[in-house]
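See structure below.
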Amino acid sequence: MDTIELLVMGFQVLFSHPESLVYCFIGVFIGTLTGVLPGIGPPSALALLLPITFHVPSSSAIIMLAGIAYGAMYGGSITSILVNIPGEAASVVTCLDGYQMALKGRAGSALGISAIGSFIAGTLTIFGLVLVAPALAELALGFGPPEYFALVILGLSLVVYLAKGSAIRAVLMGALGIFLGSIGQDPMIGTNRFTFGNVGLMSGVGLIPMIVGLFGVSEVMLNLQLSINRNVYEQKLTGLYPTLHDIKVSILPILRGSVIGFFMGIIPGMSVMIPTFVSYIVEKRVSKRPQEFGSGAIEGVAGPEAANNAASVGILIPTLSLGIPTGASTALILSGLIMHGLQPGPLFITKSPDIFWCLVASLYIGNVMLLILNLPLVGIWVKLLKIPYSWLFIIILLFCLIGSYTVNNNMTDVFVMLGFSVLGYLMIKFDYERVPLILGLILGPIMETAFRRSLVMSDGSISVFVVRPVSLILLCISGLMVLAPMILQKGLAKATE
Amino acid sequence: MVPDIRVKIHITAVLSAAALMMFSIFICYKSLHLGIGTFSMPGPGFFPLGCGLVMGGFAILEVLVSLRGRVKQQPQVFSKNVCFTIAVMLLWAVMLERLGFMFCTFMFIALLAKRVGNQPVPIALLLSVAITACLKIVFDVAFRANLPTGILF
């Protein structure tokens, strides 16, 4: 079957199961909500809802989780424009010009072009996903264990390279995550490792309680120390539908943003925030009126918003076709897939075509739903901005507690979650990154299996990783990624002395 | 005249790195006990040993970098609100299967709303009842989760 036929099949599967459409709506609604409410990001929302997806059919669960990830991109722009507080990290750039447009009475135009730009970017990049993901999966079918090992190393190295803080600490957390992933039964021999006689640890560290604690509760604990003063936009929102002039000025930034976001999103470790900055810089460079940027240029909203939405689709490609998550959100989506007995990777598209193509179809339907939620219904979100955090945090904590308990109806999971909450909080406070830890936990078992199989097939020769060209190239790039920031940091330190 | 710049050690950074270093020694020790096998047939301890060695190496690097670091404002680690919230969460976890979901959740919400959210007592109690009921419906009916009833209700 060719790609178009498969895509049509995806739509047929989606519409023949109306509950999937309901879960798609729930996902994009919750995604927009997490984008709107500062203090909750897509990883936190995904962490909260992962345990709940146990009770939902596999395809619906994945559709819902993906909906949260890209829905948050739409919602984040609302608070950026109306309150000058980014709803989530990828909407930081939108504050620069979006809020200025609101101050000039053009909040409606900013919101309108943001929603339309996101829709166009989402639609275009879905076609990109359709073309690139199967091709990448086809390429990866030729990978053997050494290539897979090198690919995982590259994924982890890129996360270290793109780490906001110290590269050394990022490597430490990655190694700790890989160790935590080795707790439980040895994948090849079956020996118990680091279980200390605890039956609960034989199947490994509970992924869901760990994720909920690291990304859900720890964020709440951090927010309890901060007070968020919000000056909510009080004027009536008008002019939501952009004028012809607005569209004419914004169309090229939207197209450029889509391309930038999509291709940058594919890179493992790439935060969705970085393409938005790149898009903003590009638009300012090519604009005939660069002096207007920072004081309400609509291109400064259109381009970055398209980029962040395109990136949120692009990040799904390595996750689905290689089984390598690119960040916290995709690591959580990958966890969801594994929880439902699905194995993302090169064989995912061929072994579960109904789920993959149904997911792709849902991305398009989800974008349509988001356009409706964010244009005519934007008033709902403005009202929600007024919910005090003093109530919101309690509900979030309860979802974390109850969600962790209901995974196995086992209190041990709740205590694991609490332990990782404290650890996650301390990590944030002392500048240790959590993303390398969670990626190490998920990728560690894949890495170990690939490594040991490589040694078995080469009869113990380490050279198997360097005699194969793909593996060698990937390992060299990984080495550069890890060493470059450390050398740069050392150079900078010397220069400032 | 060159100003006298005092360089103080970032204590918490050194301590955290030292703790990771000690942990990596523990990992290496336990991995050797598991058996590392040979290169042609790696044992269960082979990979964790590798992790431990990498962690140990980078932990030493971090200790050295931190010892040379300049003073940083020590972060306020645990505020009263954070400590209280953790304590209430622990209490909820310990008491859930004894006293039941409804009571524990009601108390959880009321305590946090009053102490951390600074809500007046009547509002805290009223909304606690409402939120508990809603959550019970959401998790019991919508998600069909098995929540403990305990000795109360």
Side-chain angles (χ1 to χ4, degrees), chain A residues 52 54-56 166 168-169 171-172 174-176 178-179 182 186 188-189 191-194 217 220-222 224-225 388-391 393-395 397-402 405-406 409 411 414-415 418 421-422 425-426 429-432 444 447-448 451-452 455-456 458-462 486 493, chain B residues 12-13 16-17 20 23-24 27 30-31 34-35 38-48 50-52 54-55 58-59 61-62 65 75-79 81-82 85-86 89-90 92-94 96-97 101 105 108-109 112-113 116-119 127 131 135 139 142-148:
Chain A
I52 288 162
F54 255 152
H55 311 283
V56 162
S166 157
I168 296 173
R169 289 178 177 201
V171 172
L172 271 170
L176 180 62
I178 293 170
F179 163 71
S182 70
D186 178 285
M188 289 172 82
I189 299 168
T191 314
N192 286 330
R193 297 188 295 194
F194 303 97
V217 179
V220 171
M221 285 158 64
L222 189 71
L224 287 177
Q225 289 195 287
Y389 195 73
S390 52
W391 284 106
F393 87 94
I394 299 175
I395 298 171
L397 288 178
L398 277 168
F399 264 85
C400 293
L401 285 165
I402 301 168
Y405 178 76
T406 55
N409 275 69
M411 201 44 78
V414 179
F415 290 119
L418 287 172
S421 308
V422 174
Y425 176 71
L426 289 172
K429 277 291 183 180
F430 295 119
D431 294 328
Y432 282 91
M447 193 170 141
E448 179 179 6
F451 182 74
R452 288 166 74 175
L455 287 180
V456 169
S458 67
D459 202 28
S461 171
I462 290 281
M486 292 179 206
Chain B
T12 46
S16 58
L20 284 166
F23 189 59
S24 68
I27 293 171
K30 282 290 184 187
S31 302
L34 282 169
T38 59
F39 270 98
S40 55
M41 189 55 75
F46 190 94
F47 204 72
C51 280
V54 169
M55 255 178 82
F58 277 89
L61 257 177
E62 177 65 18
V65 166
Q76 185 198 20
V77 178
F78 287 112
S79 68
N81 281 346
V82 170
T85 305
I86 295 170
M89 288 175 77
L90 260 171
W92 184 94
V94 167
L96 179 73
E97 285 178 337
F101 171 78
T105 304
F108 179 90
I109 299 169
L112 286 179
V116 179
N118 294 317
Q119 299 294 325
L127 281 172
I131 294 171
L135 285 171
F139 280 93
F143 297 120
R144 280 174 245 143
N146 222 356
L147 296 171

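To find a chain, count down the sequence lines: A is the first, B the second, and so on, and within it residues start at 1.
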Checklist entry - What residues, two or more places apart in sequence or in another chain, satisfy salt bridge (Lys or Arg N to Asp or Glu O under 4.0 Å) together with B:Glu62? => result A:Arg169

Checklist outcome for this item: Correct closest heavy-atom pair for A:Ala175 and B:Met55 would be CB-CG, 3.5 Å

Item to check | Flag side-chain contact, heavy atom, 4.5 Å: B:Leu135 against A:Leu398 | outcome: yes

Checklist entry - A:Leu176 versus B:Cys51: any side-chain heavy-atom pair under 4.5 Å? => result no

Checklist entry - By ring-ring contact (aromatic ring centres under 6.0 Å, His included), which residues pair with A:Phe179, not counting sequence neighbours? => result A:Phe194, B:Phe23

Checklist outcome for this item: Shortest non-hydrogen pair, B:Pro44 vs A:Asp186, comes out as CA-OD2, 3.1 Å

Checklist entry - Where does A:Ile189 contact chain B at under 4.5 Å (heavy atoms): side chain, backbone, both or neither? => result side chain

Checklist outcome for this item: Cut-off 4.5 Å, heavy atoms of chain B, and the answer for A:Met188 is neither

Checklist entry - Measuring heavy-atom distances to chain B, does A:Val414 have an atom under 4.5 Å in its side chain, in its backbone, in both, or in neither? => result side chain

Checklist entry - Under a 4.5 Å cut-off applied to non-hydrogen side-chain atoms, are A:Phe393 and B:Asn81 in contact? => result no

Next on the checklist: Under 4.5 Å from any heavy atom of chain A, what part of B:Thr85 do you find: side chain, backbone, both or neither?
Outcome noted: side chain

Checklist entry - Hey, which of B:Gly45, B:Gly35, B:Gly50, B:Ala113 has the most heavy atom pairs under 4.5 Å with chain A? => result B:Ala113

Checklist entry - Where does B:Ile109 contact chain A at under 4.5 Å (heavy atoms): side chain, backbone, both or neither? => result both

Next on the checklist: Using a 4.5 angstrom heavy-atom cutoff, name the option from B:Leu90, B:Val54, B:Asn118 with the most pairs to chain A.
Outcome noted: B:Leu90

Checklist outcome for this item: When the 4.5 angstrom heavy-atom criterion is applied to B:Ser31 and chain A, the contacting part is both

Checklist entry - Is there a side-chain contact between A:Tyr405 and B:Pro148, using heavy atoms and a 4.5 Å cut-off? => result yes

Next on the checklist: Can you give me the closest heavy-atom contact between B:Gly117 and A:Ser390, atom names plus distance?
Outcome noted: CA-CB, 3.8 Å

Checklist entry - Measuring heavy-atom distances to chain B, does A:Ile178 have an atom under 4.5 Å in its side chain, in its backbone, in both, or in neither? => result both

Checklist entry - Heavy-atom distance under 4.5 Å between the side chains of B:Phe108 and A:Leu397, does that happen here? => result yes

Item to check | Interatomic spacing from CH2 in B:Trp92 to CD1 in A:Ile402 - rounded to 0.5 Å | outcome: 5.5 Å

Next on the checklist: Does any backbone or side-chain atom of B:Leu112 lie under 4.5 Å from a heavy atom of chain A? Answer side chain, backbone, both or neither.
Outcome noted: both

Checklist outcome for this item: In terms of heavy-atom contacts, A:Tyr432 and B:Ala17 come closest through OH-N, 3.8 Å

Checklist entry - So, for A:Asn409 and B:Glu97, which heavy atoms are closest and what is the spacing to 0.1 Å? => result O-OE2, 4.3 Å

Checklist outcome for this item: When the 4.5 angstrom heavy-atom criterion is applied to B:Ile27 and chain A, the contacting part is both

Checklist entry - Minimum heavy-atom separation for B:Ala59 to A:Leu172, with atom names? => result N-CD2, 3.7 Å

Next on the checklist: With heavy-atom distances below 4.5 Å as the criterion, would you say the side chains of A:Tyr425 and B:Ile86 are in contact?
Outcome noted: no

